[in-house]
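Please read all numbers here as calculations on a predicted model, not as lab measurements.
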Amino acid sequence: MQAETLDLLEWNRLCQHLSTFTTTKLGAIAAVHLPIVDSYGQTLELLTQTKEAYALEERNAGISLDGIQNITEAVLRAEKQGMLSAVELWAIATTLAGARNLRRQLDNADYCPNLQILASELRTYPDVEQEIYRCIDEGGNVLDRASVRLGEIRHELTSVRDQIITKLQNIMQRNASSLQEQIITQRSDRYVLSVKSPQRDRIPGVIHDTSSTGMTLFVEPNSIVQPNNRLRQLLKMEQAQIEIILEMLSAKVTAIAEDLQKLLIIVTKIDLAVARARYGYWLKANPPHFVEDESIVLRQLRHPLLVWQQQNEEGREVVPVDVLVSPQISVVVITGPNTGGKTATLKTFGLAALMAKAGMFIPAKEPVELPWFDLVLADIGDEQSLQQNLSTFSGHIRRIGRILDSMSPQSLVLLDEVGAGTDPSEGSAIATALLEYLGEHTRLAIATTHFGELKALKYQNPKFENASVEFDDASLAPTYRLLWGIPGRSNALAIAGRLGLPEDILQAAQVRVGLGSAEMNEVIAELEAQRREQTQKTEAAAHLLAETERLHKEILDRAELMRSQAKELRERQEKEVNAAIAQAQKEVGRVIRKLQKGEQSGEQVAALQRTEQRIEELTKRHVPVIVEEKIEVQVKVGDRVRIPKFGKVAQVLTAPNSSGEFSVRLGHMKLTVNLTDIEMIN
């Protein structure tokens, strides 16, 4: 049933999107087939890895997985002592080098302890890598230096080939008119000339082939038969030597095959962690926090597949929804018009729960708080089978039966149009009983419905909550926004009236529906109006806060400018005073030296001394000693601080460490800053 739910929620599409953020082919394959882990501990491990990879991306220290290739098949064959090709061996060497480089990068990332532990388990065998590099080049060719014998054979091959080419070129020069083309070609690995059929006797030799028209014969002249024979022998000897070298290298790989398998698993885990982090960054997502007896809080939650469609396929703008469920609630009933977004809400929340289980970030504003569901089970869409003669209702009931068999007290159950497809009174009764059962036996059930009776369950059972998709009366269209605590209105009569159905028919229909229905719609409409008014006030308050922060920043900037200008003025005045004092001191010195050369009276000397004292007093008065005062900045979690280099206000997430570094939230991003980088906001 879990696998069926993954199909209904289009989990495979999300995995395809995730795979585009991987680096290696191994990672891409693993992402496409990303499993949902079974234990809470596994989820926390994956989420920790994602957070650490996210920290790497934030610091622009993203790790490189260059060189790592998908060598799975080669390693499996090596385990069975099979011979690997030169191309496969080269791929193994580059993978070993890439893994060693990966480990070295993470050795320097002390803020990623879990990824460091993973990388520390990589065994990269540099001796095997270097031996492969010694014997094979990037193109998958075995090099002459791979063995002495191979080098000797290739040296002789070159000599024999040159001898053959020289002889053939001489023959072509002497018999140019007898040749169809002035080229040397090959047939059956033997060098031949293309000779005109009528000129056959001019060049005696062995005929190896004839053209389709019969006008050209491919002749091996007698003078090169023996050299060609020797060439073929040497080629066989070369191939035998190559196979010896490949077998030797393959044996080395066989000896480390088990560690290579572990290496592939580790680098794939790291690649997936980085991909999850990059995907989360692209989605502007945040890490989930798993809660037990606390409210589910997912504000501005967006459907990840719709975000992808909007960004990459020019889809329409994604309307986010708020999912806010109190801890005592175990059943949520969503009502509202068709195509209003009820099913999309189910899928969005279901994907969010799956993403959290898989260690991924959730496309919602912080805080992202939800339970850890052991299973996510869904009945969404019609299930019809002509072969089994099943109706839509029968298909739903069968699937719900499988859900009931599979679920546990910690499961999430999603039901679309519960009880639909049969007599409304019976369908409503079945839906009511089913939801009451789910409320007692599972962690959370969310159901969409058109049955008005289900709206009243909230007032009969404290475990139930209502939600509805908003409908715009003016445009007669849904807004796709989700309203909590308010059931959806019936809009059929209103829409029919706007579309021109006669008034007498509408009044007759209203009588059949009952006045209570109209009164209920009026009450719901009033609640919706109050909710819209409250939302507008909240948005206005948020706008006012943003404007206040902007003005505060502007004031701080102006104050900083004034301080800077005052400092520049003071420095300029001090320079002018210093220059004047220096000039006065020079003048006094000049006068003293002049007096010393001639006669001088005690009164003149005393006057000069008084002048020097006056200069000293001026120096002390106009050039004060500036003592820099160190102000100790103290911040705590939750404080709001200003980061001047960004001109933004951020919220403190962690206390400063011994080096003065701490984490802040700046918009959708987490940053690490130092006490010297910030200003306190009173």
* Might you point out which heavy atoms bring Thr43 and Ala356 nearest each other, and give the distance in Å? => CG2-O, 3.2 Å
* Mind listing the closest non-hydrogen atom pair of Leu102 and Ile63 along with its distance? => CD1-CD1, 3.6 Å
* To do: Would you tell me whether Gln42 and Ser39 have side-chain atoms, one donor and one acceptor, within less than 3.5 Å of each other?
  => yes
* Electrostatic pair Arg299:Glu366 at N-O distance under 4.0 angstrom -> no
* For Leu272 against Gly27, the heavy-atom pair lying closest together -> CD2-O, 3.7 Å
* Asked: Is it the case that more than 12 heavy atoms not belonging to Glu258 sit under 6.0 Å from its CD atom?
  -> no
* Structure fact -> Those residues at least two apart in sequence (or on a different chain) that pass side chain to side chain donor-acceptor pair (under 3.5 Å) with Arg13 are Glu10
* May I ask you to decide if Ala378's main-chain N or O and Thr5's side chain share a donor-acceptor pair within less than 3.5 Å? => yes
* Asked: Once you round to the nearest 0.5 Å, how far does CD1 of Ile296 lie from CG of Leu324?
  -> 9.5 Å
* Structure fact -> side-chain contact (heavy atoms from CB on, under 4.5 Å) filter on Glu79, not counting sequence neighbours, yields Leu76, Ala257, Gln261
* Report the C-alpha distance between Leu84 and Leu249 in whole Å, list the side-chain angles of each, state the deciding distance to 0.1 Å, and finish with yes or no for side-chain contact (heavy atoms from CB on, under 4.5 Å). => CA-CA 8 Å; Leu84 305 181; Leu249 294 175; over 6 Å; no
* Asked: Counting distance only, does the side-chain N/O of Asp7 pair as donor-acceptor with the main-chain N or O of Glu4 below 3.5 Å?
  -> no
* Asked: For Ile71 and Glu88, what are the C-alpha separation, side-chain angles and deciding distance, and is it a side-chain contact (heavy atoms from CB on, under 4.5 Å)?
  -> CA-CA 7 Å; Ile71 57 173; Glu88 289 172 326; over 6 Å; no
* To do: First locate atom OG1 of Thr442, then atom CG of Leu375, and finally report the distance between them rounded to the nearest 0.5 Å.
  => 8.5 Å
* Asked: Can you check side-chain contact (heavy atoms from CB on, under 4.5 Å) on Val318 and Trp308, steps first, answer last?
  -> CA-CA 10 Å; Val318 180; Trp308 182 277; over 6 Å; no
* Decide yes or no for Leu122 and Arg100: does some side-chain heavy atom of the first lie under 4.5 Å from some side-chain heavy atom of the second? => no
* Does Val87 have any side-chain contact (heavy atoms from CB on, under 4.5 Å) partners at least two apart in sequence or in another chain, and if so, which? -> Ser85
* Asked: Are the side chains of Leu46 and Arg276 in touch, meaning some heavy atoms are under 4.5 Å apart?
  -> yes
* **Distance in Å, Arg232 CZ paired with Asp189 CG, rounded so as to fall on 0.5 Å steps** => 5.5 Å
* **Partners passing ring-ring contact (aromatic ring centres under 6.0 Å, His included) against Tyr281 (at least two apart in sequence or in another chain)** => Tyr54
* What residues form a salt bridge (Lys or Arg N to Asp or Glu O under 4.0 Å) with Arg104, not counting sequence neighbours? -> none
* **Distance, nearest 0.5 Å, that separates CD of Gln105 from CD1 of Ile270** => 10.0 Å
* Give a yes or no on whether a salt bridge exists between Arg154 and Glu238, defined as a side-chain N under 4.0 angstrom from a carboxylate O. => yes
* To do: Determine yes or no for a side-chain-to-main-chain donor-acceptor pair under 3.5 angstrom, with Gln410 supplying the side chain and Trp372 the backbone.
  => yes
* Structure fact -> All heavy atoms of Glu294 vs all of Arg443, minimum pair found to be O-NH2, 4.3 Å
* **Flag side-chain contact, heavy atom, 4.5 Å: Asp379 against Leu414** => no
* Between Thr94 and Gln69, is any side-chain donor less than 3.5 angstrom from a side-chain acceptor? -> yes
* Under 3.5 Å side-chain donor-acceptor pair for Ser408 and Ser411 -> yes
* To do: Report the distance from atom CG of Leu143 to atom CD1 of Ile245, rounding to the nearest 0.5 Å.
  => 9.0 Å
* side-chain contact (heavy atoms from CB on, under 4.5 Å) with Thr448: which residues, sequence neighbours excluded? -> Ile334, Lys342, Leu346, Asp416, Glu417
* Any donor-acceptor pair under 3.5 Å from Gln116 side chain to Leu106 backbone -> yes
* Could you tell me which residues satisfy side-chain contact (heavy atoms from CB on, under 4.5 Å) with Pro320, sequence neighbours excluded, listed by chain and number? => Gln300, Arg302
* **Gap between atom CZ of Arg161 and atom CG of Leu235 - 0.5 Å precision** => 6.0 Å
* Asked: Does the Asp639 side chain pair with the main chain of Lys636, one donor and one acceptor, at a distance under 3.5 Å?
  -> yes
* Within a strict 4.5 Å, meaning less than it, do heavy atoms of the Leu438 and Leu415 side chains meet? -> yes
* With sequence neighbours excluded, give me every ring pair (Phe, Tyr, Trp, His ring centres under 6.0 Å) pair touching residues 87-123. => Trp90-Tyr133
* Backbone N or O of Leu65 within a donor-acceptor pair of the Thr23 side chain at under 3.5 Å? -> no
* Asked: Which residues satisfy the ring-ring contact (aromatic ring centres under 6.0 Å, His included) test with His289, sequence neighbours excluded?
  -> none
* Asked: Would a 4.5 Å heavy-atom cut-off, applied to side chains only, mark Leu298 and Val368 as touching?
  -> yes
* Minimum-distance pair of heavy atoms, taken over all atoms of Val267 and Ala99 -> CG1-CB, 4.4 Å
* To do: Indicate yes or no for a side-chain donor-acceptor contact from Arg134 to the backbone of Arg145 under 3.5 Å, with no hydrogens or angles considered.
  => yes
* Please say whether more than 12 non-hydrogen atoms of neighbouring residues, nucleotides or ligands are located less than 6.0 Å from CD in Gln81. => no
* Asked: Just by distance, with hydrogens left out, do Thr22 and Asp271 show a side-chain donor and acceptor under 3.5 Å apart?
  -> no
* Are any of the side-chain heavy atoms of Arg59 and Thr672 separated by less than 4.5 Å? -> yes
* Nearest heavy-atom neighbours spanning Leu412 and Ala353 -> CD2-CB, 3.9 Å
* So, the side chain of Asn657 versus the backbone of Gly660: is there a donor-acceptor pair under 3.5 Å, distance only? -> yes
* Asked: Under the side chain to side chain donor-acceptor pair (under 3.5 Å) test, which residues partner Ser658, sequence neighbours left out?
  -> none
* Asked: Judged by atom type as modelled, is there a donor-acceptor pair below 3.5 Å linking the side chain of Trp11 to the main-chain atoms of Ile36?
  -> no
* Donor-acceptor pair, Thr50 side chain versus Gly359 backbone, under 3.5 Å? -> yes
* To do: Go through the structure and list residues passing ring-ring contact (aromatic ring centres under 6.0 Å, His included) with Tyr279, not counting sequence neighbours.
  => Phe21
* Asp293 atom CG, over 12 foreign heavy atoms within 6.0 Å -> no
* Asked: Below 4.5 Å, heavy atoms only, C-beta onward: do Val637 and Phe662 meet side chain to side chain?
  -> no
* Could you check if a side-chain atom of Pro126 sits within less than 4.5 angstrom of a side-chain atom of Leu96, using non-hydrogen atoms only? => no
* Listed by chain and number, what are the salt bridge (Lys or Arg N to Asp or Glu O under 4.0 Å) partners of Glu52, not counting sequence neighbours? -> none
